[in-house]
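Below: one structure, written as structure tokens.
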2 protein chains.
Amino acid sequence: MEKNLKRLATMQRMEVKGLELFYSKGYSNTSVDDILKELSLSKGAFYYHYESKEDFFIQIIQNLLVRKVYSMLIEPIEGHENPLQLITNCFDEALECAVHNEMDYGFLLSNFLNEFNGRNARIMAPLNDILKVWEVNLVSAIQRGKFNGFVDRHVDSEGAAVYLMSSFIGIRTLMVESSPSARKYRFMAQLRQYFKSIEASHTSV
Amino acid sequence: MEKNLKRLATMQRMEVKGLELFYSKGYSNTSVDDILKELSLSKGAFYYHYESKEDFFIQIIQNLLVRKVYSMLIEPIEGHENPLQLITNCFDEALECAVHNEMDYGFLLSNFLNEFNGRNARIMAPLNDILKVWEVNLVSAIQRGKFNGFVDRHVDSEGAAVYLMSSFIGIRTLMVESSPSARKYRFMAQLRQYFKSIEASHTSV
DNA sequence: ATTGTAACAGACCAGGTGGTCGATATTAAA
DNA sequence: TTTAATATCGACCACCTGGTCTGTTACAAT
């Protein structure tokens with residue numbers, strides 16, 4: 001049973017390093033050799049564990065990317081408090097994390113989305129799955145908010161979710177190059193403004 | 001004087017086709033030969049006019065991309081009417097255009113932004129220039145709106161601009177693969193919601 | 001110790017990449 | 001018609017890419 005422990009260990013090493021390089025240089029600008037070189041491994045090792053580069057990347061998505069997005073954007077908004085507050089805190093933390101990361105290349109998920117959008121259906125499938133989970137989670141958070149009297153009942157939950165996802169993806173793109181901190185601050189202020197407009201009206205309480 | 005007319009003609013052909021392929025396949029997944037093949041031109045022709053592939057791409061940005069973004073996102077919001085209405089119409093039209101384009105790969109500018117963000121300073125420079133022009137234009141439109149009584153005076157123009165850019169970039173990414181039309185509709189509804197929250201309050205009139 | 005298999009090494013390959021370079025075609029001026 | 005600059009051709013190069021394959025190690029079971 002412990003025999004495939006080594007197997008999983010090297011696979012983990014390859015996938016972690018792979019994600020790191022794919023993120024920083026892009027998928028097609030990162031060669032299999034690039035990854036192997038940094039790990040002092042050989043082609044033989046790689047193609048013993050994976051059928052192809054594409055297959056390898058799909059494994060990375062399902063093993064690593066899913067969890068990252070989950071812990072960064074989904075788990076933090078699962079709670080019974082005001083969902084608008086949860087989302088605000090969640091976005092704030094995620095953006096703050098990006099600000100402090102001096103080697104920031106944007107939002108992991110959306111970078112890959114952009115690279116494969118309309119170009120590679122096999123890779124897009126698991127990426128879209130992640131997107132869907134995120135969306136569903138946002139929708140249910142907002143609906144919870146309606147039920148608990150935090151969010152105006154007339155608000156379209158799906159619409160708000162799409163709007164939130166859009167703005168997050170976009171701000172992460174805009175934060176990479178110029179004045180990330182300032183842009184984060186401005187973004188968060190407008191997000192609160194938007195939230196104010198969809199929260200349950202105070203007069204009706 | 002008309003001697004360099006032929007020169008400009010073939011350069012135009014190469015750049016137009018280049019942009020088309022760079023957009024649909026990405027910069028690094030498009031080879032110079034790909035472009036040349038479609039135009040029945042040879043390497044010699046290409047490297048007679050351009051120093052390198054990178055140089056070629058920068059020319060494309062400055063000659064074609066700038067104009068496209070300008071006519072699509074900047075020019076339509078230059079007017080003396082309600083800027084929030086102008087921006088709404090502008091976004092609506094841009095998104096509608098994407099919905100009807102069966103070969104949509106996302107927002108031209110943001111695709112390249114994503115591909116080169118933090119990776120290629122020479123290419124990022126002209127891309128950031130375009131971004132800046134867009135931002136400045138949005139800011140001044142909103143300020144105009146404040147002056148003319150359409151937008152609440154307490155609104156942070158820079159913040160609103162960043163927020164608008166973010167959401168637009170994001171929605172274009174989300175519209176590529178799944179149900180673009182539905183997402184566009186939801187997005188526009190929430191955009192109007194946000195605009196309602198920053199327009200000049202009716203009570204103060 | 002022997003065996004068998006899982007894990008890895010690394011030479012190798014075919015195809016593609018950006019880019020070079022001398023030969024050639026086109027064309028406007030002399 | 002000659003000339004000379006402009007514009008284009010296409011063979012060529014060094015290098016890199018994903019992927020294959022044969023061989024070698026490490027190690028658990030017998």
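Letters go in sequence order (proteins before strands), and every chain restarts at 1. Because only heavy atoms are used, hydrogens play no part in the values below, and waters and symmetry mates are left out as well, while side chains stay in. Owing to the predicted nature of the structure, the values given are computational and were not obtained by experimental measurement.
Closest contact between the side chain of R7(B) and the listed nucleotides dA6(C), dC9(D), dA7(D) involves dA7(D). Distance from the side chain of S42(A) is smallest for dA9(C) among the nucleotides dC9(D), dA9(C), dA7(D).
Under the 30°/60° scheme for interplanar angles, the aromatic rings of Y163(B) and F187(A) are found to be tilted. Using cut-offs of 30° and 60° on the angle between ring planes, the pair Y50(B) and F56(B) is perpendicular.
With values rounded to the nearest 0.5 angstrom, L191(A) atom CG is found 11.5 Å from K196(A) atom NZ.
If you measure from atom CG of L36(B) to atom P of dC9(D), you get 8 Å, rounded to the nearest angstrom. Distance, R13(B) CZ to dA7(D) P: 14 Å, rounded to whole Å. Taking atom CD1 on I35(A) and atom C1' on dT17(D), their separation rounds to 13 Å, with Å as the unit. For the pair K37(A) NZ and dG10(C) C1', the interatomic distance rounds to 14 Å; values are reported in whole Å. The separation between L41(A) atom CG and dT25(D) atom P is 17 Å, rounded to whole Å.
A salt bridge links R183(B) to E135(A): one of the charged nitrogens lies within less than 4.0 Å of a carboxylate oxygen. Note on K17(B) versus D34(B): no salt bridge recorded, every NZ/NE/NH1/NH2 to OD/OE distance being 4.0 Å or above.
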Per-nucleotide protein contact string for nucleotides 15-22 of chain C (B base, S sugar-phosphate only, - none; heavy atom under 4.0 Å): --SBBB--
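Phosphate proximity of dA7(D) to Y48(B): present, with a side-chain N or O under 4.0 Å from OP1 or OP2. At dT8(D), one or more side-chain N or O atoms of H49(B) fall inside 4.0 Å of OP1 or OP2 (strictly under the cut-off).
Taking the centre and axis of the six-membered ring of Y27(B), the NZ or CZ atom of K53(B) falls inside the cone set by 45° and 6.0 Å.
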